[in-house]
Amino acid sequence: MARALVTGAAGFIGAAVAERLCARGDEVLGIDNLNDYYQVSLKHDRVAHVREAAPEAFTFKQVDFSDWDALSAALDGEAFDSIVHLGAQAGVRYSLENPRAYVEANLMGHVNMLEVARHRDSAHMVYASSSSVYGGNDKLPFSVEDRADHPVSLYAATKKADELMSETYAHLYRTPLTGLRFFTVYGPWGRPDMALWLFTDAILSGRPIKVFNEGEMWRDFTFIDDIVSGVVACLDKPPADDGAEKAGGSVKPHALYNIGNHRSEKLTRVIELIEQACGKKAEVQLMPMQPGDVEKTYADIDAIQRDIGYQPTTSIEQGIPQFVEWYRAYHKV
């Protein structure tokens, strides 16, 4: 039976991936440091939700993967075939306030996971990159062939650095690696620092919502179920060490893919759908652009469609009501 190590297993995407892997009959060792970037209770609840669905298949350990000694101790005696490295210090705006948190988690942490993959001779490590690596690129949609060396936030810079370090490990040690540039992910069990949660919370509480760049914002909103399908499909198909060029340009066993919905939605449309699902109108405060933010994201997903067969199926018209329904049930509002 296959067993995967999933980092960030108490996080939004990590918990959903762990649940899906267990549901298909795999075993999962989940690790997470349960930090307090947002409420830890939600992280505990996600872990409990996965454990409830798969009590035999899911094991969880609290450990900080940026601490090599602690990580080594936690993994001692644990067997696994592959790694899904989704843990990171998330959030673009917070990187302006606490840059060191990003260097520790996203740089030291990523090197540590590359070392684990190398020394364990893992069949494959899939890791989280981000659409933020495209920075202020004007060309839309963003393609993995585009330049991504002008980041506009430290978070983006750390994610680009992760891709570069991964390329080195694929070259030196022939470790099969796949980096996924996630576009705005949303859905049940989502993150409280993301627009969908913030807007839903404010509308249901009767508070005004802050809409940046005067509402001129577009995002490639991707539903969690579609993202998880893509992550798992990638895990099952490690890049070959055959000298052929992979998505993203590497000739090593290292592929880079955009994983999004291939639709860029205007934020005002998203707000309309939240209003409909909540049955309440939003009080909108139009704000200027925030430092480190970008106006538009839009994923070119041709490469992952071609190589992996990834095909998102959930529109925001379907996905946003599902998130609001979950939110209301979780908060009993």
- Task: Could you list the residues that satisfy ring pair (Phe, Tyr, Trp, His ring centres under 6.0 Å) with Tyr38, not counting sequence neighbours?
- Result: none

- Contacts satisfying ring-ring contact (aromatic ring centres under 6.0 Å, His included) that involve residues 65-84 (not counting sequence neighbours) are Phe65-His85

- Mind checking whether Trp326 and Trp189 have parallel, tilted or perpendicular rings, split at 30° and 60°? tilted

- Message: Take a 6.0 Å sphere around CG of Asp138 and say whether it holds more than 12 heavy atoms from other residues, nucleotides or ligands.
- Response: no

- Task: Please examine the side chains of Val111 and Tyr169, heavy atoms only from C-beta on, and report whether any two atoms are closer than 4.5 Å.
- Result: yes

- Decide yes or no for Ile83 and Tyr127: does some side-chain heavy atom of the first lie under 4.5 Å from some side-chain heavy atom of the second? no

- Item | Residues Asp302, Gln305; criterion side-chain contact (heavy atoms from CB on, under 4.5 Å); working and verdict | CA-CA 5 Å; Asp302 288 356; Gln305 286 175 312; 3.7 Å; yes

- Item | Side chains of Ser143 and Glu145, donor plus acceptor under 3.5 Å | yes

- Item | Distance in Å, Glu167 CD paired with Lys252 NZ, rounded so as to fall on 0.5 Å steps | 5.0 Å

- Apply salt bridge (charged side-chain N to carboxylate O under 4.0 Å, His left out) to the pair Asp32 and Arg46, showing each step before the final yes or no. CA-CA 12 Å; Asp32 198 296; Arg46 291 196 192 111; over 6 Å; no

- Query: Is the closest side-chain donor-acceptor distance between His110 and Ser166 under 3.5 Å?
  - Reply: yes

- Message: Looking at Thr313, is its backbone amide N or carbonyl O close enough to the side chain of Asp226 to form a donor-acceptor pair, meaning the two atoms are under 3.5 Å apart?
- Response: yes

- Does some side-chain heavy atom of Cys278 sit less than 4.5 Å from a side-chain heavy atom of Thr200? yes

- Non-hydrogen side-chain atoms of Leu235 and Leu21 separated by less than 4.5 Å: yes

- For residues 172-183, the side chain to side chain donor-acceptor pair (under 3.5 Å) pairs (sequence neighbours left out) are His124-Thr178, Tyr134-Arg181, Glu163-Arg181, Arg174-Asp241

- Query: Step by step, would you call Val47 with His44 a side-chain contact (heavy atoms from CB on, under 4.5 Å)?
  - Reply: CA-CA 5 Å; Val47 171; His44 283 295; 5.8 Å; no

- Item | Any side-chain heavy-atom pair of His171 and Thr168 under 4.5 Å | no

Indicate every side-chain donor-acceptor pair of residues 215-224 with a distance under 3.5 Å to a residue at least two apart or in another chain.
{"residue": "Glu216", "atom": "OE2", "partner": "Lys266", "partner atom": "NZ", "Å": "3.1"}
{"residue": "Arg219", "atom": "NH1", "partner": "Val294", "partner atom": "O", "Å": "3.0"}
{"residue": "Arg219", "atom": "NH1", "partner": "Glu295", "partner atom": "O", "Å": "3.3"}
{"residue": "Arg219", "atom": "NH2", "partner": "Asp293", "partner atom": "OD1", "Å": "3.1"}
{"residue": "Arg219", "atom": "NH2", "partner": "Val294", "partner atom": "O", "Å": "2.8"}
{"residue": "Asp220", "atom": "OD1", "partner": "Asn261", "partner atom": "N", "Å": "2.7"}
{"residue": "Asp220", "atom": "OD1", "partner": "His262", "partner atom": "N", "Å": "3.3"}
{"residue": "Asp220", "atom": "OD2", "partner": "His262", "partner atom": "N", "Å": "3.2"}
{"residue": "Asp220", "atom": "OD2", "partner": "Arg263", "partner atom": "N", "Å": "3.4"}
{"residue": "Asp220", "atom": "OD2", "partner": "Ala299", "partner atom": "N", "Å": "2.8"}
{"residue": "Thr222", "atom": "OG1", "partner": "Asp220", "partner atom": "O", "Å": "3.2"}
{"residue": "Thr222", "atom": "OG1", "partner": "Asn261", "partner atom": "N", "Å": "3.2"}

- Query: Is any side-chain heavy atom of Val185 less than 4.5 Å from a side-chain heavy atom of Met194?
  - Reply: no

- Message: With a 3.5 Å distance limit and no angle check, can you tell me whether Lys43 reaches the backbone of Asn35 through a side-chain donor-acceptor pair?
- Response: yes

- Which atom names give the shortest non-hydrogen contact between Pro312 and Gly260, and what distance separates them? CG-O, 3.6 Å

- Query: Are the side chain of Ser264 and the backbone N or O of Thr297 linked by a donor-acceptor pair below 3.5 Å?
  - Reply: yes

- Distance in Å, Ser129 OG paired with Asp162 CG, rounded so as to fall on 0.5 Å steps: 7.0 Å

- Message: Once salt bridge (Lys or Arg N to Asp or Glu O under 4.0 Å) is applied, do any residues pair with Asp45, and if so which ones, sequence neighbours excluded?
- Response: none

- Any side-chain heavy-atom pair of Asp201 and Arg207 under 4.5 Å: yes

- Item | Atom pair CE (Met1) and CD (Glu27), whose distance is rounded to the nearest 0.5 Å | 5.0 Å

- Counting N and O atoms only, with roles assigned by atom type, does the side chain of Ser82 sit under 3.5 Å from a partner on the main chain of Met125, one being a donor and the other an acceptor? no

- Under the salt bridge (Lys or Arg N to Asp or Glu O under 4.0 Å) test, which residues partner Glu104, sequence neighbours left out? none

- Identify, with sequence neighbours excluded, every residue that meets salt bridge (Lys or Arg N to Asp or Glu O under 4.0 Å) alongside Asp149. Arg147

- How many angstroms lie between OG1 in Thr314 and CG in Asp225, if you round to the nearest 0.5 Å? 6.0 Å

- Note on the structure: Taken to the nearest 0.5 Å, the spacing of Glu265 CD from Tyr298 OH works out to 10.0 Å

- Has the side chain of Arg191 got a donor or acceptor atom that lies under 3.5 Å from a matching backbone atom of Phe12? no

- Query: Asn258 side chain to Phe142 main-chain N or O, any donor-acceptor pair under 3.5 Å?
  - Reply: yes

- Go through the structure and list residues passing ring pair (Phe, Tyr, Trp, His ring centres under 6.0 Å) with Tyr310, not counting sequence neighbours. none

- Sequence neighbours excluded - salt bridge (charged side-chain N to carboxylate O under 4.0 Å, His left out) pairs with any residue from residues 318-333: none

- Query: Taking only residues at least two apart or on different chains, which pairs with a member in residues 49-61 satisfy salt bridge (charged side-chain N to carboxylate O under 4.0 Å, His left out)?
  - Reply: Lys61-Glu78

- Could I get the full list of salt bridge (Lys or Arg N to Asp or Glu O under 4.0 Å) partners for Lys139, not counting sequence neighbours? Asp146

- Task: Looking only at non-hydrogen atoms, find the nearest pair between Pro208 and Gln285 and report the distance.
- Result: CG-NE2, 3.9 Å

- Query: Looking at Leu267, Val284, Val324, Ile320, which one forms a side chain to side chain contact (heavy atoms under 4.5 Å, CB included) with Phe199?
  - Reply: Leu267

- Task: Taking ring pair (Phe, Tyr, Trp, His ring centres under 6.0 Å) as the test, write out the residues that go with His331, two or more places apart.
- Result: Trp197, Tyr327

- Note, Thr184 side chain near Leu196 side chain (heavy atom, < 4.5 Å): no

- Item | Nearest heavy atoms of Arg120 and Leu75, plus distance in Å | NH2-O, 2.7 Å

- Looking just at side-chain N and O atoms, do Asn98 and Tyr37 make a donor-acceptor pair shorter than 3.5 Å? no

- Find the distance between NZ (Lys281) and CD (Glu275) and round it off to the nearest 0.5 Å. 4.0 Å

- Query: Which heavy atom in Arg20 sits nearest to a heavy atom in Ser229, and how many Å separate them?
  - Reply: NH1-OG, 3.0 Å

